[in-house]
Asker: 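Structure provided below as structure tokens; questions to follow.
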Amino acid sequence: MNLEVFVLGTGGMMPLPGRGLTSVLVRREGDLFLFDCGEGTQIGLRRLNLRWKKITSIFISHTHADHVTGLPGILMLSSQVDRGEPLYIYGPPKIREFVEAMRRTLDMYINYEIVVREVEGATTVVQAEDYVIRTHPLVHTKPCLAYSIEENMRPGVFFPEKAIDCGVPRGPLWSRLQSGESVKLPDGREVQPSQVMGNERKGRKFCFATDTVAAPGLSEFARGADLFICEGMFSDDLADTAAEKKHLTAGQAARIARDGAVKQMGLIHYSPRYSERELKKLLGEAREIFPESFLTRDLQHIGLPFEE
Ligand SMILES: [Zn+2]
Ligand SMILES: [Zn+2]
């Protein structure tokens, strides 16, 4: 099952030619999850040529303009396809007011249900059969949330030869063992899944955190993530500016990644003061602390394979 991340934009504050505002799309099976939606998010979707009009859910970190002003266009264009299911929008308080005011004042034609869920603090926002989406409170100039998608543990590898050795004939009994049930053979013996399968394997984890200082518990929240996308707005020499405006420097982001032992950390939400070339400085600072750091780039595609 694919878990793919598409970086739609990497900028903070304002979109630049060649650098859209911070927005990330995650595709898992038939679901599309959009994280933040600044002005111009549609351009990134369009340039990636994705079939995106059936976004499952939109997760908003906070209601600053550079994270939400792409919503009207996305909601409007989503009406071009038929959908039976509602579109869910999650975010901190004020997100409902923002969506309602925008629908009212823009007289938007929307042919599907929009369900807005306001979220505060650490909570589970989506509990699906095989994954969970959680929030963690960030520390910014207004309520702000980090999000994670975490898949359940997966059953271990099935060894057909072991099943045969145990006398289980190929067929429906194999599927029952694979789904974790013990089975009874005609001779009365019982075979446990553990006799024919390896250890349970980890699912995958994705984490997205932007617009914050080093928030308490954030490294724990990101722990072990296959991909941690984290704000690194400023270079470390602007740590005072970052603290004052409640943002992270690249080095601070790297410390969170290192402390949470994530597999890789992609910086995002770059200040418009840095040209693409100047971002190398931020990368250097992050890598000094956490070598598995990289700069996310607009239109980047990152696959997250299962760990075998
Ligand atoms: Zn921002
Ligand atoms: Zn902000």
Side-chain angles (χ1 to χ4, degrees), residues 5 7-26 33-44 58-74 89-99 102 118-121 135-148 207-216 218 221-222 228-236 238-253 256 265-276 278-279 282 286 295-298 300:
V5 176
V7 179
L8 304 174
T10 56
M13 278 177 68
M14 59 195 271
L16 300 176
R19 190 191 295 167
L21 285 170
T22 293
S23 178
V24 171
L25 185 79
V26 175
F33 304 120
L34 182 66
F35 293 86
D36 276 344
C37 188
E39 172 192 349
T41 295
Q42 284 181 78
I43 299 174
I58 301 177
F59 301 90
I60 297 294
S61 62
H62 65 303
T63 52
H64 271 156
D66 56 332
H67 298 260
V68 294
T69 45
L71 276 173
I74 295 277
I89 302 176
Y90 301 88
K94 285 202 181 169
I95 188 67
R96 186 190 311 283
E97 192 184 334
F98 176 70
V99 172
M102 158 184 110
E118 291 191 340
V119 182
E120 283 180 89
T135 59
H136 181 80
L138 296 175
V139 179
H140 191 43
T141 53
K142 65 192 304 187
C144 190
L145 298 164
Y147 291 92
S148 71
C207 189
F208 176 83
T210 191
D211 287 30
T212 186
V213 294
L218 182 54
F221 181 70
F228 176 41
I229 291 192
C230 186
E231 167 188 7
M233 189 166 191
F234 296 107
S235 109
D236 289 338
L238 289 181
D240 289 348
T241 310
E244 186 194 322
K245 298 186 169 164
K246 300 278 190 287
H247 286 291
L248 286 169
T249 67
Q252 290 164 345
I256 297 166
M265 188 266 292
L267 291 170
I268 203 161
H269 198 271
Y270 311 124
S271 163
R273 69 168 60 221
Y274 303 113
S275 68
E276 293 305 300
E278 288 166 331
L279 290 176
L282 278 67
L295 296 169
T296 60
R297 297 291 192 181
D298 285 49
Q300 188 176 11

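When a ligand or atom number is given, it counts from 1 through the structure's own listing order.
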Asker: Give a yes or no on whether a salt bridge exists between Arg19 and Glu276, defined as a side-chain N under 4.0 angstrom from a carboxylate O.
Answerer: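 Looking at Arg19 and Glu276, the cut-off is met.
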
Asker: Is there a side-chain contact between Thr41 and Ile74 (heavy atoms, below 4.5 Å)?
Answerer: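 With C-beta onward as the side chain, the pair touches.
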
Asker: Check which protein N, O or S atoms are less than 2.8 Å from the Zn ion (ligand 2) and report how many there are.
Answerer: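 Of the protein's nitrogen, oxygen and sulfur atoms, 4 lie under 2.8 Å from the Zn ion (ligand 2).
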
Asker: Looking at Phe208 versus Tyr147, is the centre-to-centre ring distance below 6.0 Å?
Answerer: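 So the answer is no for these two rings.
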
Asker: Aromatic ring centroids of His67 and His140 under 6.0 Å?
Answerer: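 Centroid separation for His67 and His140: 6.0 Å or greater.
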
Asker: Strictly by modelled atom types, are Lys246 and Thr212 linked by a side-chain donor-acceptor pair under 3.5 Å?
Answerer: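 Short answer, no.
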
Asker: Is it true that Thr241 and Glu244 share a donor-acceptor pair across their side chains at a distance under 3.5 Å?
Answerer: no

